[in-house]
Amino acid sequence: MHRDVPHAEPTAGELALAALLRYCRDERFHPGEALGSERALAERLGVGRTVLRQALDVLEARGTIRRALGRSGGLFFHDGRIQRHLNTVEGVPAMVRHQGRTIATRVLRAELALAEADERRGLRLTGPDPVYRIERLRLVDGVPWSLDASVLPAARFPGLLRSDLTGSLYALLASGHGVELDRADETVEAVPATPDQARALDVGVTAALLEIRRVAWDVDGVPVEYAHDFFRADRTRVHMQRYGTNWKRSARLERGAHGPTRERPER
């Protein structure tokens, strides 16, 4: 005679996890979309915040959600990609940290050279003036993410190559040279990885990359950086906001709801 073995009742944490998964499925969240605050989620699911945090810890460990700190932080549906914003001059390190990720920088090359033709045009130089060329590898959570190449006019930033270039380049320009960035013009294109890029970014040759060309301008309207970056497409999502004809009012409303839309860049 066989006796039925009673099944253990699910714990409060398991019930909260199941409810949270149903909520994410039913609401059809897209990667990068905010789930709401912990308080709002707890009320919607009918669970305590302590139990909800246990469920959130599980989903965060699985990579299904991410927590982000700061003014633009919160809980977000996640698929492992890093969001690259195009509608702000906030720099890459700050973007990554706001998404709850860690970022590290390796300097691959830093040299003084004469400006090439496209660099002269981008920086509005009058001739083959000396420039600094700085190439860096970005790693997010220890995995290669982007190759960044920045070109800056050497005359404006004397001694720059003697500084620590593994931190924020824009913060270095601000603190060491009194330069405040105001805006950046960027173009994005999908391109295949070259053998050198594939090796540095740990992807296959011809793997998809997002190529971003940029000119960054200071508050006086003078270009200070001509940049050429490559991001792994499998780890990157591009985000931007567009305004209609009443864009000034939209920007004011956004500032009122979320604070300033423009931050001092920290590249």
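The figures here come from the full heavy-atom set of this structure, side chains too, leaving out hydrogens, waters and symmetry mates. All figures in this text were calculated on a predicted structure; none of them were measured in a lab.
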Review point. Salt bridge check: are R53 and E60 linked by an N-O gap of less than 4.0 Å?
Key: no

Point to revise | Lys/Arg N to Asp/Glu carboxylate O, R199 vs D196, below 4.0 Å | key: yes

Check your understanding: So, D185 and R214, do they make that salt bridge, N to O below 4.0 Å?
Key -> no

Review point. Residues in side chain to side chain contact (heavy atoms under 4.5 Å, CB included) with R124, at least two apart?
Key: W217, P223

**Study point:** Y23 ring center near F29 ring center (under 6.0 Å)
**Key:** yes

Point to revise | Any side-chain heavy-atom pair of V179 and D218 under 4.5 Å | key: yes

Practice item. Apply side chain to side chain contact (heavy atoms under 4.5 Å, CB included) to the pair V188 and E211, showing each step before the final yes or no. Key: CA-CA 6 Å; V188 183; E211 177 185 24; over 6 Å; no

Check your understanding: Where do A115 and L125 come nearest, in terms of heavy atoms and distance?
Key -> CB-CD1, 3.9 Å

Review point. When clusters are formed by joining ILVMFWY residues with side-chain heavy atoms under 4.5 Å apart, either directly or through shared neighbours, do V140 and I212 land in the same one?
Key: yes

**Study point:** Shortest non-hydrogen separation from R136 to G167 and the atoms involved
**Key:** NH1-O, 3.3 Å

Review point. Heavy-atom distance under 4.5 Å between the side chains of V224 and F157, does that happen here?
Key: yes

Review point. Any side-chain donor-acceptor pair under 3.5 Å between D141 and T102?
Key: yes

Point to revise | OG-CD distance between S37 and E43, expressed to the nearest 0.5 angstrom | key: 7.5 Å

Check your understanding: Hey, are the side chains of L52 and L41 touching, using non-hydrogen atoms and a 4.5 Å cut-off?
Key -> yes

**Study point:** Heavy-atom check, side chain of I134 versus side chain of L152, under 4.5 Å
**Key:** yes

Check your understanding: If you group Ile, Leu, Val, Met, Phe, Trp and Tyr by side-chain heavy-atom gaps below 4.5 Å, do W145 and L139 land in one group?
Key -> no

Practice item. May I ask whether L112 and L160 are part of the same hydrophobic cluster, defined by side-chain heavy atoms of I, L, V, M, F, W, Y residues being less than 4.5 angstrom apart, directly or through others? Key: yes

Exercise for review: Go through the steps for E27 and R22 under the test salt bridge (charged side-chain N to carboxylate O under 4.0 Å, His left out), then give the verdict.
Suggested key: CA-CA 8 Å; E27 293 297 318; R22 283 196 303 272; over 6 Å; no

Practice item. Look only at the side chain of E14 and the backbone of T11, and say whether a donor-acceptor pair between them is shorter than 3.5 Å. Key: yes

**Study point:** Heavy-atom side-chain contact between L172 and Y170 under 4.5 Å
**Key:** no

Check your understanding: Is L45 linked to L75 within one hydrophobic cluster, defined over Ile, Leu, Val, Met, Phe, Trp and Tyr using a side-chain heavy-atom separation of less than 4.5 Å?
Key -> yes

Study note, to complete from the structure: By side chain to side chain contact (heavy atoms under 4.5 Å, CB included), V205 pairs with (sequence neighbours left out) P195, A198

Review point. Under 4.5 Å between side-chain heavy atoms, hopping through other hydrophobics if needed: is there a path connecting L210 to V215?
Key: no

Exercise for review: Working to the nearest 0.5 Å, report the span between CZ of R138 and CZ of F230.
Suggested key: 15.0 Å

Check your understanding: With a 4.5 Å heavy-atom cut-off, do L137 and T105 have their side chains touching?
Key -> no

Check your understanding: At their closest point, which heavy atom of D229 faces which heavy atom of A149, and how far apart are they?
Key -> OD1-N, 3.4 Å

Check your understanding: What is the distance from atom CG of L209 to atom CZ of R235, rounded to the nearest 0.5 Å?
Key -> 13.0 Å

Practice item. Kindly indicate, with the supporting measurements, whether the criterion side chain to side chain contact (heavy atoms under 4.5 Å, CB included) is fulfilled by V143 and R232. Key: CA-CA 11 Å; V143 180; R232 284 178 49 165; 3.9 Å; yes

Check your understanding: How many angstroms lie between CG in L17 and CG in L56, if you round to the nearest 0.5 Å?
Key -> 9.5 Å

**Study point:** Under 3.5 Å donor-acceptor, D220 side chain and V222 backbone
**Key:** no

Revision key, fill the gap. On a heavy-atom basis, the closest approach of A193 and G204 is CB-O, 4.1 Å

Practice item. State whether R133 and E119 are salt-bridged, where the test is any N-O pair (Lys NZ or Arg NE/NH1/NH2 against Asp/Glu carboxylate O) under 4.0 Å. Key: yes

Check your understanding: Looking only at heavy atoms, which two atoms of S146 and F231 are closest? And how far apart?
Key -> CB-CD2, 3.4 Å

Point to revise | Nearest heavy atoms of D202 and P144, plus distance in Å | key: CB-CG, 4.2 Å

Point to revise | Whether over 12 other heavy atoms sit under 6.0 Å from R106 CZ | key: no

Point to revise | Straight-line distance of D234 CG to R237 CZ, nearest 0.5 Å | key: 12.0 Å

Study note, to complete from the structure: The salt bridge (Lys or Arg N to Asp or Glu O under 4.0 Å) partners of R109 (sequence neighbours excluded) come to E111, E135

Practice item. Kindly state whether the ring of H228 and the ring of Y226 have centres lying under 6.0 angstrom apart. Key: no

Practice item. List the steps and the verdict of side chain to side chain contact (heavy atoms under 4.5 Å, CB included) for L59 and L20. Key: CA-CA 9 Å; L59 292 190; L20 185 56; 3.4 Å; yes

Check your understanding: side chain to side chain contact (heavy atoms under 4.5 Å, CB included) between F76 and I65: does it pass, once the steps are laid out?
Key -> CA-CA 5 Å; F76 300 89; I65 67 165; over 6 Å; no

**Study point:** Minimum side-chain heavy-atom gap L169-S150 below 4.5 Å
**Key:** yes

Review point. Any ion pair linking R156 and D129 (charged N to carboxylate O, less than 4.0 Å)?
Key: no

